[in-house]
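I have placed the structure first, in the form of structure tokens, so that the comments after it can refer back to it.
Numbered from 1 within each chain, the chains take letters A, B, ... in sequence-line order. Bear in mind the structure is a predicted one, so any value in this text is a computation, not a measurement.
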Amino acid sequence: DQQVKQNSPSLSVQEGRISILNCDYTNSMFDYFLWYKKYPAEGPTFLISISSIKDKNEDGRFTVFLNKSAKHLSLHIVPSQPGDSAVYFCAASAMRYRDDKIIFGKGTRLHILP
Amino acid sequence: DVKVTQSSRYLVKRTGEKVFLECVQDMDHENMFWYRQDPGLGLRLIYFSYDVKMKEKGDIPEGYSVSREKKERFSLILESASTNQTSMYLCASGPSSGFPSEAFFGQGTRLTVV
């Protein structure tokens, strides 16, 4: 039973436009959410995170939005660049409950089109 | 700069062999993780360790065991390798709860069992 769901396996976006990647979760104990980016043959690299006490966190071109009532978060990338083509993983943990396991979704492959 | 180092980038092993995947981190992190990544399945947690000699099963522990004798080293053991354990294996480390933070990944080990 998946606790973190990324329902879009892939997404194509024109260079310069906004990329929106979505993620849903089922475990109401999750209180910390992360996005990772992964290129082929490399380990995932951390992109941005958000605590459940916030509903938005911004870092340069990347913004994560959290809707706790809907158990939904999204990653916005604007403007999208060719180097953003990668697999993006949404992840969650329940740190307030001292459960440090980080649970990942299946990932969304983002293609930035020239 | 955090470094998580996995001992091999590529491994080929025979069915039935005992396989050791080693991971070392240099940031004095309490938590260490082993994941496997498979197409369409994302990153699945195999085992998690929150302290020396402490471990917790993740979502797919069957066929695997782990060892954490020293804080910086976390080993994944395939007791008797099978072809369905052919995968990309990713090790990660992170600080313990109370300090919401990301996990840092190694570069991955692509294991092929023939």
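Neither F104(B) nor M32(B) shares a network with the other; the hydrophobic side chains, linked directly or stepwise wherever heavy atoms of I, L, V, M, F, W or Y lie under 4.5 Å apart, form separate groups for each. Hydrophobic clustering (ILVMFWY, side-chain heavy atoms < 4.5 Å, transitive): I46(B) and F33(B) are in distinct clusters. Note on V78(A): it does not cluster hydrophobically with I48(A), by side-chain heavy-atom contacts below 4.5 Å among ILVMFWY residues. Cluster annotation: Y35(B) is not connected to L78(B) through the hydrophobic network of ILVMFWY side chains, with a link wherever side-chain heavy atoms come within less than 4.5 Å. Residues Y64(B) and L45(B) do not share a hydrophobic cluster, defined by chaining ILVMFWY side chains whose heavy atoms lie under 4.5 Å apart.
Side-chain contact between Q107(B) and E42(A) is absent, with no heavy-atom pair separated by less than 4.5 Å. Counting heavy atoms from C-beta outward, F89(A) and Q37(B) have side chains that approach closer than 4.5 Å.
Taking CZ of F48(B) as the start and CD1 of I102(A) as the end, the distance is 8.0 Å to the nearest 0.5 Å.
With sequence neighbours left out, D59(B) forms a salt bridge (charged side-chain N to carboxylate O under 4.0 Å, His left out) with no residue at all. Taking F62(A) as the reference, nothing meets the ring pair (Phe, Tyr, Trp, His ring centres under 6.0 Å) condition, with sequence neighbours excluded.
You'll find the ring centres of Y36(A) and F105(B) inside the 6.0 Å limit.
Residues from residues 103-111 of chain A that place a non-hydrogen atom less than 4.5 Å from a non-hydrogen atom of chain B comprise I103(A), F104(A), G105(A), K106(A), given in numerical order.
Heavy atoms closer than 4.5 Å to chain B are found in both the backbone and the side chain of P44(A). If you measure heavy-atom distances from R44(B) to chain A, you find no contacts under 4.5 Å at all. Heavy-atom distances place both the backbone and the side chain of A41(A) under 4.5 Å from chain B. Looking at Y50(B), neither its backbone nor its side chain comes within 4.5 Å of chain A, counting heavy atoms on both sides. Using a 4.5 Å cut-off between heavy atoms, L43(B) contacts chain A through both its backbone and its side chain.
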If you look only at distance, which donor and acceptor atoms sit under 3.5 Å apart when one is on a side chain in residues 14-21 of chain B and the other is two or more places apart or in another chain?
unit_1: T15(B); atom_1: OG1; unit_2: V114(B); atom_2: O; d: 2.9
unit_1: E17(B); atom_1: OE2; unit_2: R14(B); atom_2: N; d: 2.7

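Heavy atoms of other residues, nucleotides or ligands lying less than 6.0 angstrom from CZ of R17(A) number 12 at most. Around NZ of K5(A), the count of heavy atoms belonging to other residues, nucleotides or ligands within 6.0 Å does not exceed 12.
Across every non-hydrogen atom of E102(B) and F46(A), the tightest pair is CB-CD1, 3.2 Å.
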